[in-house]
Amino acid sequence: MSSLELASTPHTLTAPLWVELSEGPRLDRGVLACIGFETAAAPSDDPRRIAIGLEPLDRSVRFEIWRSAGVVEHGREEGIGFSRSPQALFGWRVVPEAELQDTAAATRQAYERIAGFLKRQGYPWMLRGWNFLHGITQGTDDAERYRQFCLGRHQALSVMPDFERFLPAATVIGRSEPGLLVCFLAGKSPGIQIENPRQLSAFRYPREYGPRSPSFSRATLKYWGDTAQLLVSGT
């Protein structure tokens, strides 16, 4: 995760989301997600508790707490853990290692399931995604796991007309735990795609970088009423 993404926006009565860093987990009523930077987390019945499967560089920061100014509800549906406020939804899904023998197909199915879930929940616009993939550099050329992940994600997202205009900010990195963990932040309306005019957009990468270019934007600017927050991509 990246706790600096919302740090530049101080919490006010109109800001629906903000992030806190913590040495321990917190799951009080205003928490949307409790992100644990740990590799041996005990299972939790609370879907807001998410173990990334990576150790932090700064061991004094063990948890990233995403908070909401509104009432938070949480639950599970079809293998997706989620929490939601009136403005935003935070969710996650784990794809087991056994299903990643065909990484592209497993990724496509995961993103299709997430897209359907978000539509049913009434938060159809993904604003930011975080993907943690075990063995991300395994394989060579187009068989590399990362390239196959990009292929599957593209297959799922490209069914939407003009989909490249609405690609969320996103990250894909490795993890020490087996499987693929997909985390996402979604809203009831889309954000504004931000690209760097001095840099080639990821979704325009040439064929030499894989069978399909990565499907993400450099950043997403989201207006929540009179408050704006910037969600930045990066690894």
Original post:
Could you give all pairs that pass the salt bridge (Lys or Arg N to Asp or Glu O under 4.0 Å) test and reach residues 129-141, with sequence neighbours left out?
Top reply: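 Passing the test, one end in residues 129-141: no pairs.
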**OP:** Any salt bridge (Lys or Arg N to Asp or Glu O under 4.0 Å) involving residues 97-106? Give me the pairs, sequence neighbours left out, ordered by first then second residue.
**Re:** Glu97-Arg145
Is the number of heavy atoms from other residues, nucleotides or ligands within 6.0 Å of [atom1] ([X]) greater than 12?
X	atom1	answer
Arg212	CZ	no
Asp162	CG	yes
Arg207	CZ	yes
Phe163	CZ	yes

Original post:
For the rings on Phe149 and His154, is their centre-to-centre separation under 6.0 Å?
Top reply: no
**OP:** Could you tell me if the ring centre of Phe90 sits under 6.0 Å from that of Trp66?
**Re:**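 Yes, close enough.
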Does [X] use its side chain to pair, donor to acceptor, with the backbone of [Y] at less than 3.5 Å?
X	Y	result
Ser85	Gly70	no
Gln148	Asp142	yes
Ser233	Ser217	yes
Thr171	Gly234	yes

Original post:
Are Tyr209 and Val172 co-members of a hydrophobic cluster defined by side-chain heavy atoms under 4.5 Å apart?
Top reply: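 In one cluster with Val172: Tyr209, no.
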Original post:
Is Leu27 reachable from Val72 through a run of I, L, V, M, F, W or Y residues, each pair having side-chain heavy atoms under 4.5 Å apart?
Top reply: no
Subject >> Contacts of type side-chain contact (heavy atoms from CB on, under 4.5 Å), residue Pro86, not counting sequence neighbours >> reply: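 Result, side-chain contact (heavy atoms from CB on, under 4.5 Å) vs Pro86: none returned.
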Subject >> All side-chain contact (heavy atoms from CB on, under 4.5 Å) counterparts of Arg218, not counting sequence neighbours >> reply: Glu195, Gln199, Ala202, Tyr205, Phe216
Should the pair [X]-[Y] be classified as a salt bridge under the 4.0 Å nitrogen-to-oxygen rule?
X	Y	answer
Asp46	Arg48	yes
Glu23	Arg62	no
Arg204	Glu164	yes
Glu78	Arg120	yes

Kindly give the heavy-atom pair with the smallest separation between [X] and [Y], and that separation in Å.
X	Y	result
Cys183	Ile50	SG-CG2, 4.1 Å
Glu20	Trp18	OE2-NE1, 3.4 Å
Arg153	Ser215	NH2-N, 3.3 Å
Leu231	Leu127	CD1-CB, 3.9 Å
Ala51	Leu181	O-CD2, 3.7 Å
Gln229	Leu17	NE2-O, 2.7 Å

**OP:** With side-chain contact (heavy atoms from CB on, under 4.5 Å) as the test, would you mind laying out the steps for Val19 and Arg67 before giving the verdict?
**Re:** CA-CA 6 Å; Val19 176; Arg67 290 191 174 276; over 6 Å; no
Let me confirm one number: the [atom1]-[atom2] distance from [X] to [Y], rounded to the nearest 0.5 Å.
X	Y	atom1	atom2	result
Leu118	Lys188	CG	NZ	13.0 Å
Thr107	Leu100	OG1	CG	6.5 Å
Phe132	Trp92	CZ	CH2	13.0 Å
Glu112	Ile114	CD	CD1	10.5 Å
Leu185	Met126	CG	CE	9.5 Å
Glu77	Arg93	CD	CZ	11.5 Å

**OP:** Please lay out, stage by stage, how Trp130 and Ile173 fare under the test side-chain contact (heavy atoms from CB on, under 4.5 Å).
**Re:** CA-CA 8 Å; Trp130 299 264; Ile173 60 174; over 6 Å; no
Subject >> Step-by-step side-chain contact (heavy atoms from CB on, under 4.5 Å) determination, Val232 to Arg128 >> reply: CA-CA 8 Å; Val232 182; Arg128 180 64 162 91; 6.0 Å; no
Original post:
Without hydrogens or angle criteria, can the side chains of Arg165 and Gln193 be said to hold a donor-acceptor pair below 3.5 Å?
Top reply: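 No - no donor-acceptor pair under 3.5 Å links their side chains.
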Subject >> Tyr146 and Asn131 side chains, donor-acceptor separation under 3.5 Å >> reply: no
Within a strict 4.5 Å, meaning less than it, do heavy atoms of the [X] and [Y] side chains meet?
X	Y	result
His74	Phe82	no
Ile52	Ile35	yes
Glu73	Ser83	no
Val61	Pro56	no

**OP:** In sequence, state the C-alpha distance, the side-chain angles, and the governing distance for Leu180 and His134, and then conclude on side-chain contact (heavy atoms from CB on, under 4.5 Å).
**Re:** CA-CA 6 Å; Leu180 167 66; His134 181 71; over 6 Å; no
Subject >> Those residues that, when tested against Glu208, pass salt bridge (Lys or Arg N to Asp or Glu O under 4.0 Å) (two or more places apart) >> reply: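 If we apply the salt bridge (Lys or Arg N to Asp or Glu O under 4.0 Å) test to Glu208, skipping adjacent residues, there are no hits.
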Original post:
When clusters are formed from ILVMFWY side-chain contacts under 4.5 Å, directly or step by step, what else is grouped with Phe63?
Top reply: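 The other cluster members (ILVMFWY side chains, heavy atoms under 4.5 Å, direct or chained) are Val31, Ile65.
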